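Order of the sequence lines fixes the chain letters, A, B, ..., with proteins taken first and strands second; residue numbering starts at 1 for each chain. All figures in this text were calculated on a predicted structure; none of them were measured in a lab.
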There are 2 protein chains.
Amino acid sequence: MTAAFYQNEVKFFVSVDCIILGFNNSELNVLLYKRNFEPLQGQWSLMGGFIKSGESIGEAASRVLTECSGIDNLFMEQVGAYGDVTRDLGERVISVAYYSLVNMNDFNPELLKEHNAEWTKLSEVPDLIFDHNQMITDTLARLKRKAATRPVGFNLLPEKFTLPQLQSLYEAIYQTPLDKRNFRKKLNSMDILEKLDEKDKKSSKRGAFYYMFNKEKYDRLLDQGFYFSL
Amino acid sequence: MTAAFYQNEVKFFVSVDCIILGFNNSELNVLLYKRNFEPLQGQWSLMGGFIKSGESIGEAASRVLTECSGIDNLFMEQVGAYGDVTRDLGERVISVAYYSLVNMNDFNPELLKEHNAEWTKLSEVPDLIFDHNQMITDTLARLKRKAATRPVGFNLLPEKFTLPQLQSLYEAIYQTPLDKRNFRKKLNSMDILEKLDEKDKKSSKRGAFYYMFNKEKYDRLLDQGFYFSL
DNA sequence: GCAAAAGTGTTCAGGCTACACCCATGA
DNA sequence: TCATGGGTGTAGCCTGAACACTTTTGC
């Protein structure tokens, strides 16, 4: 029963490419690295790798993420499969893209160096190999939709964050300025944040209160038919 | 340069599976067929096929669609890649799902018979092979989002359709009843439909006016910053 | 003439947008 | 004391939701 049923069909290399997004200084960043193997050695590329036998697509993506971050269970979601015949210049490779939203501070700088990896502002992404620029474009469109309807943006921030930080994150995602009062009013009305007593004094003299996303509260509200929307 | 760069990596069978949706009698239907080859011969399945060398993923999906419909250029969009290690009982196969929205009347019944294919109401879909039920579930979630923000629903109707038809289509997609007056008001305000003089008298004595979707008008409005929303 | 589906407006509430000033603090 | 970013409330508008009766016509 484990016999070769599909003998007459063709097999393909299948890889995953990870669009790892972070947020810093009011800007979204993506993790890129310089390829250290042919073809196109020395060119900039997304983090990726081939799927191994015995490994699901998601497991492969997860492995790539862990390898370059040292962190398990990062937020991650499939973008889609890319399979143009000539997309890879080496041989034919079908690739499945995943995007991941991470807190840049959690990344070990030495591990990044080891992988030739660098955080790059989205506004300064160079020409990447193959269809990797397209994958980023598709991811950003998806992120806009997703962040508007699900509380995924918090993955891009430290556990404790301020409202000005959160707002500038959403401004970066939507690529549009938001009204401070309206933004805060909306968040307040959702009642999914915990206000701390502590303040962040790094970016202003007065200091801004820290908040935390309360997942338990959010899940409870979901059950009651609540929908996140920002 | 066409040398074997990735010699040490594993290759996989890659297939496409098509979730072909039609609309009839106030119900969404999906095209299923009885597998005529092992493994799981005789079981119900989505329409699908292996990707051939020299063929992109989209081309493979398009080929499968044309093969069973006799129609080119059907509306089609990728749902995602499915790659659990044990998803296929024969051998390991990674599959990319595409959904397609079609006008059931355009399908040649004899061609369907040839392929062992049958239209099945969504409410009556049996247990399918592998993860095909999951693919349908994912497609329906995607369709809800898509149909709300893009005028893709028209692909499920004949070129000429009535407003009661269109409303029942959206009721089927959203799985919820809609208010007749509000629905018509919204459509009217978008100004993307052409009202014909002709009436459809099949479903009532009085008859309902036929309308057509005006793609040119829609595209013009898009340029002016208009967003479809239903 | 009656059954069955098509067609038509108004009202109300809630959410979204626009908008400007005071507060706290470090330098 | 002043420069800098943090924090707060209201009013108008618009959109979405609720809702009931008349029209047409085949039988």
In whole angstroms, the gap separating P of C:dG7 from OH of B:Tyr210 amounts to 12 Å

Kindly list each side-chain donor-acceptor pair under 3.5 angstrom involving residues 113-130 of chain B, sequence neighbours excluded, with atom names and distances?
from, atom 1, to, atom 2, distance (Å)
B:His115, ND1, B:Leu111, O, 2.9
B:Thr120, OG1, B:Glu118, O, 3.4
B:Ser123, OG, B:Glu27, OE1, 3.1

Could you pick out which residue, B:Ser229 or A:Tyr211, lies toward the 5' side of DNA chain D when each is mapped onto its nearest nucleotide?
A:Tyr211

Whole Å only: how far is the CG atom of B:Asp200 from the P atom of C:dA4?
18 Å

By a strict heavy-atom criterion of less than 4.0 Å, which residues belonging to residues 172-186 of chain A are in contact with DNA chain C?
A:Asp179, A:Arg181, A:Asn182, A:Lys185

Using the 3.5 Å cut-off, write out each protein N or O paired with an N or O of nucleotides 24-27 of chain D and the distance between them.
from, atom 1, to, atom 2, distance (Å)
D:dG26, OP1, B:Lys201, NZ, 3.4

Sequence neighbours left out, what passes salt bridge (charged side-chain N to carboxylate O under 4.0 Å, His left out) with B:Asp84? Give chain and number order.
none

Please name all residues satisfying side-chain hydrogen bond (donor to acceptor under 3.5 Å, both in side chains) with B:Asp17, sequence neighbours left out, ordered by chain then number.
B:Ser95, B:His132

If we only count heavy atoms from C-beta on, is the B:Cys68 to B:Leu31 side-chain gap below 4.5 Å?
yes

Can you check the B:Leu166 CG to C:dG7 P distance for me, whole Å?
12 Å

Can you name the side chain to side chain contact (heavy atoms under 4.5 Å, CB included) partners of B:Ala208, sequence neighbours left out?
B:Thr162, B:Pro164

Show me the donor-acceptor pairs, under 3.5 Å and distance only, between side chains in residues 148-159 of chain A and residues at least two apart or in other chains.
from, atom 1, to, atom 2, distance (Å)
A:Thr149, OG1, A:Arg145, O, 3.2
A:Thr149, OG1, A:Lys146, O, 3.4
A:Asn155, ND2, A:Val152, O, 3.0

List the atom pairs, with distances to 0.1 Å, where a side-chain N or O of residues 185-200 of chain A and a protein N or O form a donor-acceptor pair under 3.5 Å, not counting sequence neighbours.
from, atom 1, to, atom 2, distance (Å)
A:Lys185, NZ, A:Asn182, OD1, 3.3
A:Ser189, OG, A:Lys186, O, 2.7
A:Asp191, OD1, A:Lys217, NZ, 3.4
A:Glu194, OE1, A:Asn214, ND2, 2.5
A:Glu198, OE1, A:Lys160, NZ, 3.0
A:Glu198, OE2, A:Lys160, NZ, 3.4
A:Lys199, NZ, A:Arg206, O, 3.4
A:Asp200, OD1, A:Lys202, N, 2.9
A:Asp200, OD1, A:Lys202, NZ, 3.3

Has B:Gln78 got a side-chain atom pairing as donor or acceptor with B:Val96's backbone, closer than 3.5 angstrom?
no

Just how far, in rounded Å, is P of C:dC23 from CZ of A:Phe209?
15 Å

Rounded to the nearest angstrom, tell me the gap between atom CG in B:Leu187 and atom P in C:dA6.
15 Å

B:Leu163 CG to C:dG7 P, in whole Å, measures 6 Å

Hits for side-chain hydrogen bond (donor to acceptor under 3.5 Å, both in side chains) against B:Arg87, two or more places apart or cross-chain, chain-then-number order -> B:Asp131

NA contact type, A:Thr162, heavy-atom cut-off 4.0 Å: base, sugar-phosphate, or nothing?
nothing

